[in-house]
Q: 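I'd like to ask some things about the structure below.
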Amino acid sequence: MFEEFFKANRESANLARKWKKKTGRKIIGVMPEYFPSEVITALGAYPVHFRGTQMPLSRSDTYMQSFSCTTTRTILEQALNGEMDYVDAFVFTTMCDNQQNLAEVFKNLFPDKPVIIFLIPFISSVTLRQEHLKEQIDRSISELERVTGNKFTKDGLKKALMLHERLNTLINNLYDIRRRNPGALSAYEFYSIVKAGSFLPPEEYTGMLGPVVKTLGSMDVKDVADRVIISGITPEPLELTKAFDEIGLHIVDDDLTSGTRRFSKGALKGTDAKSLDNFVFGGSPCSTLFDPSKDRRSYLLDKARSNRAGVIMWQIKFCEPEAFERPDITSYLKENNIPVTSFEVELQMASFEGIKTRLQAFKELMEVQI
Ligand code: SF4
């Protein structure tokens, strides 16, 4: 049932090249998070999201500091190795310094591929924020029109919104199934399904997701112990999720930028200022967005209590947005008697023995505490 998703993750570049050859449509590389892919679909192109890989680093170190996160460094490594040759243009958001730096490096190293920046504002005035987002999307659409050679039309947008709404609903259904029945699939299977959506054309991905969600939703519910929530940016390296499965730590929910933070926003409803604002800022709290009206500490506390779960902070080394919030969140959860731990990864890691030992110890601690 999951092999197609595993294959999409293993062979993402080849699948994208084949798709491009077959359809003749343009491919836009999206550097996550929070650019509305709906506008790319509306322009007849296909968004491919890059979140870093497990490949060893060599050439990227010439262009990026060794204290940049390995999400950005491995993305650059992919580009330098020709693994993004099929991409016609790149879209970056300004979610962190590392990503902004990467955008500048891409502009210099790949001058023949347009780099479009979608600037997410760090301001407290909601009105100004909305006006700014509107300017950003209008400019991004004009640039994408030039790249794709297609006009942005109301009809194209309407069809794209319907497709992405369906996709978003299916992913949220998948999350609901896991909350209700965490024994239905392993962590590796779950995050392989979610990750495959980064690479597959939305229409194809939606077609694959539908039957899987239906089958999983009809399975008998098995309650599980040793329940955890993972919190961070993205569950990479994906292989590490297998350690949770081997140890018997059940991930029942997450607080990830590539997970519930993204999908809790819902799909884009339109390109007016309010819809855009709701798309970017409407979901659960995120370390990469400035929104003083949200408190990630109490959000995580409620999530842990309602799921009867401990919290594991999945930290990517040199990820500043997460590193700044982690100490405060950890203390707050401990004060409220929620078991919490953290580990740090680099995306090119191949051995997880040290982390597995810590996860095993955390499982034993939870068995006493919960
Ligand atoms: S949010 Fe963190 S992991 Fe993602 S690109 Fe920025 S620094 Fe790297």
Side-chain angles (χ1 to χ4, degrees), residues 29-35 37 47-55 57 60-61 63-80 83-84 87 90-107 109 115-122 191 194-195 197-199 230-241 254-265 280-281 283-291 294 296 300 312-330 342-349 355:
V30 183
M31 304 302 173
E33 258 337 299
Y34 306 153
F35 183 81
S37 298
V48 172
H49 294 77
F50 295 104
R51 294 197 167 89
T53 71
Q54 213 176 343
M55 70 167 42
L57 295 169
S60 58
D61 282 350
Y63 305 101
M64 289 187 85
Q65 302 92 332
S66 53
F67 51 82
S68 305
C69 71
T70 45
T71 302
T72 48
R73 284 160 69 202
T74 58
I75 287 174
L76 179 59
E77 195 73 36
Q78 274 181 288
L80 290 167
E83 288 188 31
M84 297 183 186
V87 175
F90 295 99
V91 175
F92 283 81
T93 58
T94 51
M95 63 192 285
C96 65
D97 290 350
N98 279 324
Q99 196 164 146
Q100 291 179 46
N101 185 21
L102 185 67
E104 294 307 315
V105 173
F106 264 61
K107 277 188 201 167
L109 288 180
V115 169
I116 299 164
I117 313 262
F118 182 72
L119 208 150
I120 298 176
F122 274 61
Y191 286 106
V194 175
K195 183 173 179 173
S198 306
F199 310 121
I230 52 171
S231 176
I233 297 292
T234 189
E236 293 289 346
L238 184 61
E239 288 292 303
L240 179 53
T241 56
D254 69 46
D255 161 46
L256 299 169
T257 308
S258 63
T260 52
R261 292 185 198 166
R262 161 70 192 88
F263 297 110
S264 61
K265 295 173 192 299
V280 177
F281 289 93
S284 54
C286 179
S287 56
T288 70
L289 296 173
F290 174 70
D291 186 353
K294 291 191 175 142
R296 188 167 155 215
L300 267 174
I312 297 179
M313 314 283 288
W314 185 311
Q315 301 286 298
I316 293 170
K317 197 170 181 182
F318 303 125
C319 174
E320 285 186 351
E322 284 293 309
F324 288 147
E325 294 195 351
R326 181 178 55 192
D328 198 23
I329 291 174
T330 305
S342 61
F343 58 75
E344 199 170 59
V345 293
E346 294 200 277
L347 265 64
Q348 76 280 26
M349 275 170 84
I355 295 176

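As the structure lists them, so they are numbered: ligands from 1, and atoms in each ligand from 1. In this chain, residues are counted from 1 in sequence order. What you are looking at is a predicted structure, and each value in this text was computed from that prediction instead of being measured.
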Q: Taking the side chain from K195 and the backbone from S258, do they hold a donor-acceptor pair closer than 3.5 Å?
A: no

Q: May I ask which of L102, I316, T288, N98 has a heavy atom nearer to atom 7 (S) of ligand 1 than the others do?
A: N98

Q: Would you kindly check if the NZ (Lys) or CZ (Arg) of K294 is within the cone defined by 45 degrees around the ring axis of F281 and under 6.0 Å from the six-membered ring centre?
A: no

Q: If you measure only the distance, is there a donor-acceptor pair under 3.5 Å linking the side chains of Q100 and T94?
A: no

Q: For atom 2 (Fe) of ligand 1, what's the nearest protein heavy-atom neighbour? Residue, atom name and distance, please.
A: C319 SG, 2.3 Å

Q: When you look for heavy atoms under 4.0 Å from ligand 1, do you find them on the side chain of C96, its backbone, both, or neither?
A: side chain

Q: Using a 4.0 Å cut-off to any heavy atom of C69, which atoms of ligand 1 qualify?
A: 3 (S), 5 (S), 7 (S), 8 (Fe)

Q: Any idea which of L347, T257, I233 brings a heavy atom closest to atom 1 (S) of ligand 1?
A: I233

Q: I'd like to know if the side chain of T288 pairs up with that of R261 as donor and acceptor (distance under 3.5 Å, no hydrogens or angles considered).
A: no

Q: Closest non-hydrogen protein atom to atom 3 (S) of ligand 1, residue and atom name please, with distance?
A: T71 OG1, 3.4 Å

Q: Among E83, M84, R51, exactly one meets side chain to side chain contact (heavy atoms under 4.5 Å, CB included) together with I75. Which residue is that?
A: M84

